[in-house]
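Here is the structure we will look at.
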Amino acid sequence: AQTVTQSQPEMSVQEAETVTLSCTYDTSENNYYLFWYKQPPSRQMILVIRQEAYKQQNATENRFSVNFQKAAKSFSLKISDSQLGDTAMYFCAFMEHTGNQFYFGTGTSLTVIP
Amino acid sequence: GAVVSQHPSWVICKSGTSVKIECRSLDFQATTMFWYRQFPKQSLMLMATSNEGSKATYEQGVEKDKFLINHASLTLSTLTVTSAHPEDSSFYICSATGGGAADTQYFGPGTRLTVL
């Protein structure tokens, strides 16, 4: 069974600083997708970044980047120049290449402090 | 692109009544839609997966007769909570994949259900 682990229930960061959220997963598959979703207080789930396992290059979206370590089954999210609007729950998710079901982590609540 | 809407955003109903929640993909054809339930400060719990034109696949422990799911078209899925009770009060979120977004789930804004 696939499992996704987020070991940091809560984190905080000063505005303009950098923070890294951790995520590990367990799978026997070789080809899959990994995602980070953000859920702000509005509760709308927003896709932050997506990584395909067969791509070695780490995905980047503006201030958001990932450190994808396939051998270690690790997929951390780095937020640079943190902004107040980054305050939200962040969920890591895994999907097999041949399937369409997501496996979510338990989430990390991030607070950006002004 | 890849916008998913839900209606209503908030509904309050009396115990014993049924409530229908709609999930629509606005700019793509959603071959698969998912329904989740989320309790406060918790992760999303998958309730069921539905493919257009076929019966939904329910997760273990989810009562299919209580949570009726219909995916009648490539842009619409509905979740009906039948004979709702206070313990059904929760936040329900749908998501969709399909077309150019086949390998990514795009989420609706969610529906807050309160059963009195």
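It should be emphasised that the depicted structure is a prediction, and the values quoted were computed from it without experimental measurement. Chain A is the first sequence line, chain B the second, and so forth, proteins listed ahead of strands; every chain is numbered from 1.
B:Tyr92 and A:Tyr37 fall into different hydrophobic clusters, where Ile, Leu, Val, Met, Phe, Trp and Tyr residues are linked whenever their side-chain heavy atoms come under 4.5 Å apart, directly or through other members. Linking Ile, Leu, Val, Met, Phe, Trp and Tyr whenever their side-chain heavy atoms come within less than 4.5 Å puts B:Tyr58 and B:Ile21 in one cluster. Residues B:Val115 and B:Leu68 do not share a hydrophobic cluster, clusters being chains of Ile/Leu/Val/Met/Phe/Trp/Tyr side chains in contact below 4.5 Å.
No side-chain heavy atom of B:Gln105 sits less than 4.5 Å from a side-chain heavy atom of A:Met45.
Scanning both residues, B:Ser43 and A:Gly105, for their nearest heavy atoms gives OG-O, 2.7 Å.
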Could you go step by step and tell me if A:Phe102 and B:Phe34 meet the ring pair (Phe, Tyr, Trp, His ring centres under 6.0 Å) rule?
CA-CA 10 Å; A:Phe102 270 32; B:Phe34 305 83; 7.1 Å; no
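Summarising the geometry, atom CG belonging to B:Leu44 is positioned 5.0 Å from atom CZ belonging to A:Phe104; distances are rounded to the nearest 0.5 Å. B:Asp103 contributes atom CG, which lies 8.5 Å from atom NE2 of A:His97 (distance to the nearest 0.5 angstrom).
In the displayed structure, A:Lys78 atom NZ is contacted under 6.0 Å by at most 12 heavy atoms of other residues, nucleotides or ligands. In B:Glu87, the CD atom is crowded: over 12 heavy atoms of neighbouring residues, nucleotides or ligands sit closer than 6.0 Å. At most 12 non-hydrogen atoms from other residues, nucleotides or ligands lie less than 6.0 angstrom from NE2 of B:His7. Dense packing is recorded around NZ of B:Lys66, with more than 12 heavy atoms of other residues, nucleotides or ligands lying under 6.0 Å away.
No side-chain donor-acceptor contact under 3.5 Å links B:Gln42 to the backbone of A:Gly107.
Only the side chain of A:Gln39 comes within contact range of chain B, with at least one heavy atom under 4.5 Å from a heavy atom of that chain. If you measure heavy-atom distances from A:Arg50 to chain B, the contacts under 4.5 Å come from the side chain alone. For B:Gln6, no part sits under 4.5 Å from any heavy atom of chain A, backbone or side chain.
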